[in-house]
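Single-structure report; data block below.
When reading the values below, keep in mind they use all heavy atoms of this one structure, side chains included, and skip hydrogens, waters and symmetry mates.
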Amino acid sequence: MTETKITAEDLKDFRSAYNENTINRVLERSVTENGINNAAYDAKAIEKLNPVFSVEVKTGKVSNQKQSGRCWMFALLNTLKHQFGEKYDVKDFELSQNYLFFWDKIERANIFFDRIINTADKPLDDREVEFYLAGPGADGGQWAMAVSLVQKYGVVPTTVFSETSVSESTGDLNSILDYKLHKDAMKLRNMVDDKVSEEDIHEAREQMLAEVYKIAAFSLGVPPKTFDFEYRDDKGNYHIDRDLTPKSFYEKYFSDADLDDYVVLSNAPDKDYEKMYRLASQENVVGGRKIEFLNLPMEDLKQAAIAQLKDGKAVWFANDIARQSDRQKGFLAENLYHYDELFDVDLSMTKKDRLEYHEAQVSHATALTGVDLVDDQPTKWKVENSWGEKNGVNGYYIMDDGWMNEYVYELVVNKKYLSSEQTALLSQSSIELDPWDSLE
């Protein structure tokens with residue numbers, strides 16, 4: 001086993017090499033005073049990122065997930081609300097994110113209990129068990145998870161089930177759910193180990209789930225079973241539709257948005273292209289939508305996205321928004337920060353390298369709402385974020401095409417925008433991914 005100690009001679013050499021180059025002192029003063037990002041920032045990278053796009057979806061005000069990890073829900077509901085707004089002439093209509101969030105907490109706890117019981121014969125340091133125990137109360141997610149919730153529970157307007165202080169800042173709720181679910185996991189594993197009957201285990205997990213329901217209800221409110229939908233459109237016309245259920249509301253007002261017609265395209269060059277992959281370990285609803293990806297080259301993802309945008313439909317996509325981004329100004333540019341030049345070190349890694357060595361992360365979900373085409377080629381993209389209007393251009397970000405190549409990993413399109421060859425690939429059996437895969 002290699003064991004390399006840092007010696008006094010090593011430290012002397014490091015200091016000597018550092019002092020030999022006088023520019024190091026200049027850069028030291030600059031970085032310590034201004035910070036790494038300010039020192040590495042390249043304003044030229046955003047010169048062409050003006051907020052004008054040749055193809056643009058009609059949208060309104062952006063939403064705000066605040067201090068929560070619900071971007072995946074917001075991104076799906078944003079695509080739905082745009083379709084509603086165009087069809088019914090209500091520009092700034094909003095669907096309740098809190099409603100889906102409530103049901104996600106219940107469903108996640110339920111499937112967590114199943115996973116704990118099914119892996120009770122494995123040691124606690126088994127990698128799969130460790131994965132399930134790592135933050136069971138978290139609130140991040142995937143497209144298919146949001147679809148599963150919508151298809152099972154429907155949707156409601158924000159006016160019917162509004163945000164709460166907890167839904168807007170989920171840290172405390174996630175923490176208490178982590179604690180409770182960890183304790184429940186301990187009890188369930190012990191019951192299995194003690195050969196307790198399946199009936200008694202089922203009764204115990206039902207009580208545990210009822211307690212999760214209570215915690216969620218205290219924190220988020222109890223979702224409505226029926227409601228009256230009352231609104232005034234942008235022309236001033238009054239509308240009311242009485243005694244709707246969340247599912248009947250969804251089926252009536254979003255009949256054009258058949259979510260089964262949509263497919264997740266991934267660009268993960270650490271895996272073979274033209275293959276279907278599944279991430280079952282992150283699915284949140286038993287019997288719900290499978291988390292599946294069709295892995296394709298990025299150019300194929302772009303072509304499908306452009307086709308959908310041209311038809312006036314937003315595109316859900318997952319990315320690593322913390323990379324090469326200016327959150328306040330709303331710029332996503334491939335070469336916005338030159339860390340390699342600043343520190344004079346080679347930081348080059350391909351997208352494949354970053355995925356394989358856990359440098360890449362699918363950390364955020366947003367919606368594409370526009371693209372600028374020059375000679376039929378994309379140069380920049382309009383991004384509807386869910387961080388409120390104070391970031392970017394009234395909440396919208398501008399992404400250059402190079403950033404899309406490097407930091408976009410998934411996007412969702414209607415199957416009709418795929419080629420016949422791509423559509424045929426959807427029928428193949430999915431390759432099961434490990435829970436800790438780079439796309440998790």
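Counting only N and O atoms by type, the side chains of Asp178 and Ser175 include no donor and acceptor under 3.5 Å apart. Between the side chains of Ser420 and Thr423, no donor-acceptor pair of N or O atoms lies under 3.5 Å. In this model, no donor atom of one side chain and acceptor atom of the other lie less than 3.5 Å apart for Glu168 and Asn64. In this model, no donor atom of one side chain and acceptor atom of the other lie less than 3.5 Å apart for Asn391 and Tyr396. The closest side-chain donor-acceptor pair between Tyr238 and Asp233, if any, does not fall under 3.5 angstrom. For the residue pair Asn335 and Asp42, no side-chain donor N or O sits within less than 3.5 Å of a side-chain acceptor on the partner. Between the side chains of Asp270 and Ser438, a donor-acceptor pair is found at a separation under 3.5 Å. A donor-acceptor pair shorter than 3.5 Å cannot be found between the side chains of Thr369 and Glu384. Side-chain contact annotation: Asn98 with Ser96, donor-acceptor N/O pair under 3.5 Å absent. Side-chain contact annotation: Ser430 with Glu292, donor-acceptor N/O pair under 3.5 Å present.
Among residues two or more places apart in sequence or in another chain, the salt bridge (Lys or Arg N to Asp or Glu O under 4.0 Å) test is passed with Lys352 by Glu356. Evaluation of the ring-ring contact (aromatic ring centres under 6.0 Å, His included) rule for Trp381 yields no partner, not counting sequence neighbours.
A salt bridge links Arg205 with Asp114: at least one charged nitrogen is closer than 4.0 Å to a carboxylate oxygen. Using a 4.0 Å cut-off between a side-chain N of Lys or Arg and a carboxylate O of Asp or Glu, Lys416 and Asp261 do not qualify as a salt bridge. Ion pairing of Asp228 with Arg242 is present here, as a side-chain N (NZ or NE/NH1/NH2) and a carboxylate O approach within less than 4.0 Å. Using a cutoff of 4.0 Å between basic side-chain nitrogens and carboxylate oxygens, Arg289 and Glu283 are not scored as salt-bridged. A salt bridge links Lys382 with Glu56: at least one charged nitrogen is closer than 4.0 Å to a carboxylate oxygen.
Leu355 has its side chain within reach of Pro269: a pair of non-hydrogen atoms, C-beta onward, lies under 4.5 Å apart.
Within the 6.0 Å centre-distance limit, the rings of Tyr41 and Tyr337 are counted as a close aromatic pair. Between Phe229 and Phe227, the gap from one ring centroid to the other reaches at least 6.0 Å. Close placement of the Phe84 and Phe93 rings is indicated, their centers lying within 6.0 Å of each other. Taking the six-membered ring for Trp and the full ring otherwise, the centers of Tyr153 and Tyr250 sit at least 6.0 Å from each other.
Only one option out of Leu368, Val371, Leu49 pairs with Met399 in a side-chain contact (heavy atoms from CB on, under 4.5 Å); it is Leu368. Partner Tyr397 forms a side-chain contact (heavy atoms from CB on, under 4.5 Å) with one of Trp387, Phe331, Trp403 and no other, that one being Trp387.
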Without placing hydrogens or testing angles, list every side-chain donor-acceptor pair under 3.5 Å for residues 129-145, not counting sequence neighbours.
residue : atom : partner : partner atom : Å
Tyr132  : OH   : Glu128  : OE2          : 2.9
Asp139  : OD1  : Gly69   : N            : 3.4
Asp139  : OD2  : Gly69   : N            : 3.2
Asp139  : OD2  : Thr170  : OG1          : 2.5
Asp139  : OD2  : Asn174  : ND2          : 3.2
Gln142  : NE2  : Gln282  : OE1          : 3.1
Gln142  : NE2  : Leu439  : O            : 3.2

Hey, can you pull the donor-acceptor pairs under 3.5 Å for the side chains in residues 209-217, sequence neighbours left out?
residue : atom : partner : partner atom : Å
Glu211  : OE1  : Lys180  : NZ           : 2.8
Glu211  : OE2  : Gln207  : NE2          : 3.2

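Atom CE in Met186 sits 12.0 Å away from atom CD1 in Ile116 (nearest 0.5 Å). Between the OG atom of Ser219 and the CD1 atom of Ile176 there is a distance of 9.0 Å, given to the nearest 0.5 Å.
Because its NZ or CZ atom is both nearer than 6.0 Å to the ring centre of Tyr409 and within 45° of the ring axis, Lys351 counts as a cation-pi partner of that residue. Annotation: cation-pi pair Lys415/Tyr262 absent, no NZ/CZ under 6.0 Å from the ring centroid and within 45° of its normal.
In this pair, Tyr253 and Phe249 present their aromatic rings tilted. The plane angle is within the 30 to 60° band. Aromatic ring orientation, Trp103 versus Tyr99: perpendicular (interplanar angle above 60°, classes split at 30° and 60°).
Screening residues 420-440 for salt bridge (charged side-chain N to carboxylate O under 4.0 Å, His left out) gives Lys271-Asp437 as the qualifying pairs, with residues at least two apart or on separate chains. Evaluation of the salt bridge (charged side-chain N to carboxylate O under 4.0 Å, His left out) test over residues 320-330, restricted to residues two or more places apart or in two chains, returns Asp320-Arg323, Arg323-Glu359.
The heavy-atom pair separating Thr119 from Arg189 by the smallest distance is O-NH1, 3.4 Å.
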